Amino acid sequence: MILKICIQPDDFDTAIECARLTEGNKNVGALVTFTGLCRDDDGRLAALELEHYPGMAEAEIQAIAEQVQVRWPLDGLTVIHRIGNIKPGENIVLVVTASRHRRAAFEAAEFLMDFLKTNAPFWKKEHLADNSGAQSETGWVSANDADDDAIARWRTSKKT
Amino acid sequence: MILKICIQPDDFDTAIECARLTEGNKNVGALVTFTGLCRDDDGRLAALELEHYPGMAEAEIQAIAEQVQVRWPLDGLTVIHRIGNIKPGENIVLVVTASRHRRAAFEAAEFLMDFLKTNAPFWKKEHLADNSGAQSETGWVSANDADDDAIARWRTSKKT
Amino acid sequence: MKIIYFAWVRERTGRSQEEVDLPAGIETVAGLIGWLKTRGPEFEHAFENERFIRAALDQQMASNDTPLAGTSEVAFFPPMTGG
Amino acid sequence: MKIIYFAWVRERTGRSQEEVDLPAGIETVAGLIGWLKTRGPEFEHAFENERFIRAALDQQMASNDTPLAGTSEVAFFPPMTGG
């Protein structure tokens, strides 16, 4: 099982990350990628600023990755999270999962994103295109209930 | 909503297909790709031969894509299925979904693959590396119950 | 009426497609399969286990009792295994 | 003891990290927050709604009643919003 966890200011190349998980392993039948991009919310947003807790952020992703490996048989797992200033249309996060079968690859990627959102210490601050727009006091994005609901479903019942 | 459905002998370039769905649309926050690859089953397999029913295969994928669009708000959906001779390690099928939020992108891609497997008229024939190995009469892959179970879950209950 | 065969149904019948003149009284998919099986051992073999045969009428999935009336293209094939 | 602040907790307290000497009797996360709030209006403001404050002790998530004993690094931050 290949595992790569990386927190970096630079953009990533999804094709290269996919190739890393499949090259030389012809037992991979399913490859799933999730890319989270910075939306501009119909022009409202100029940029996102991504802050993280160095050390703990890597450790939390590692802990989630370990849970993933217990639940699903994977051949490879890659998580890359960008930090710093990110403009609309740019990549924020990449998850790649490789497995023999599609169900494991899909569920592992979804689980990892759900827990990363709620458990990994990253924070987003919005910089607006037009400062007259409605905004929270300081621009920091609030955590949302949907993300808490997303992780709850993995606890209450195993997906079938 | 951008929709592309293609059945072709040639390989596809996932990066190009992703770019088609995100370029010029800064409201895409989530991009999911599923790539199905030809496994060699620990060296057992020399190649897969993919046969399809021209016309009906495209129409069935189109019908599944329409169901997907009713259930999830997508910005883009791409399905490419290869036919002909495919060697271990090579790509067979690509699904790309683009949406504002990750749940829609994940579920739409998974739903599309589940129904494509069961409803789209494609058939796989195995060519073995070593003909002495166990094999069904003619090498044609049998449909498996897990795939029928996979589509049943979308009918009996909406995933939360 | 045009009949198309795919995968092992094609291999067993030894043809990928053919034009047939249906005898009177053949009105459903099941009736057509029954008649095809009388045409020789290769058809007997292809359709010996009807549980593994799927049929489409003009590219729409059909069941055993779907009427053939108005159909110009019938396809027979095993359960799908794409993706 | 080292204290680190992130996101709007950092902005409100006006510092990203500091070394503090804990007064005697401060034994839990809740106790530490209570004491920090006595240090000035910027801390009062940062911790005014404790429902939105998360704490980690040596990079492990902690709750209000987690004991501080043996901790060298405490972090305070809002609920996570990565991904």
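All chains are named by letter (A, B, ...) in the order of the sequence lines, taking the proteins before the strands, and each is independently numbered beginning at 1. Atoms considered below: every heavy atom in the structure, side chains included; atoms not considered: hydrogens, waters and symmetry mates. Everything quoted here is computed from the prediction, not taken from an experiment.
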Checklist entry - What part of D:Arg54 gets closer than 4.5 Å to chain A, counting heavy atoms only: side chain, backbone, both or neither? => result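 Neither part, no heavy atoms under 4.5 Å.
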
Checklist entry - When you look at CG of A:Asp145, are more than 12 heavy atoms from neighbouring residues, nucleotides or ligands closer to it than 6.0 Å? => result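 No.
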
Checklist entry - To the nearest 0.5 Å, how far apart are CH2 in D:Trp8 and NZ in A:Lys125? => result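 If I round to the nearest 0.5 Å, the distance is 12.5 Å.
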
Item to check | Gap separating the OH atom of D:Tyr5 from the OH atom of A:Tyr53, nearest 0.5 angstrom | outcome: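 Answer for the OH-OH pair, D:Tyr5 versus A:Tyr53, is 12.0 Å.
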
Item to check | Residues of residues 64-83 of chain D near chain A, each having a heavy atom less than 4.5 Å away | outcome: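 Result: D:Glu73, D:Ala75, D:Phe77, D:Pro78, D:Pro79, D:Met80, D:Thr81, D:Gly82, D:Gly83.
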
Item to check | Non-hydrogen atoms of A:Glu51 and D:Phe6 that approach each other most closely | outcome: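 Closest approach of A:Glu51 to D:Phe6, heavy atoms only: OE2-CD2, 3.3 Å.
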
Item to check | Closest approach of D:Gln59 to A:Glu60 (non-hydrogen atoms, all atoms of both residues) | outcome: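 Here D:Gln59 and A:Glu60 meet closest at O-OE2, 4.4 Å.
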
Next on the checklist: Using only non-hydrogen atoms and a strict under-4.5 angstrom cutoff, which residues of residues 115-122 of chain A touch chain D?
Outcome noted: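 Interface residues of residues 115-122 of chain A: A:Leu116, A:Lys117, A:Thr118, A:Asn119, A:Ala120, A:Pro121, A:Phe122.
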
Item to check | Note, A:Met56 side chain near D:Gln60 side chain (heavy atom, < 4.5 Å) | outcome: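 With C-beta onward as the side chain, the pair stays apart.
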
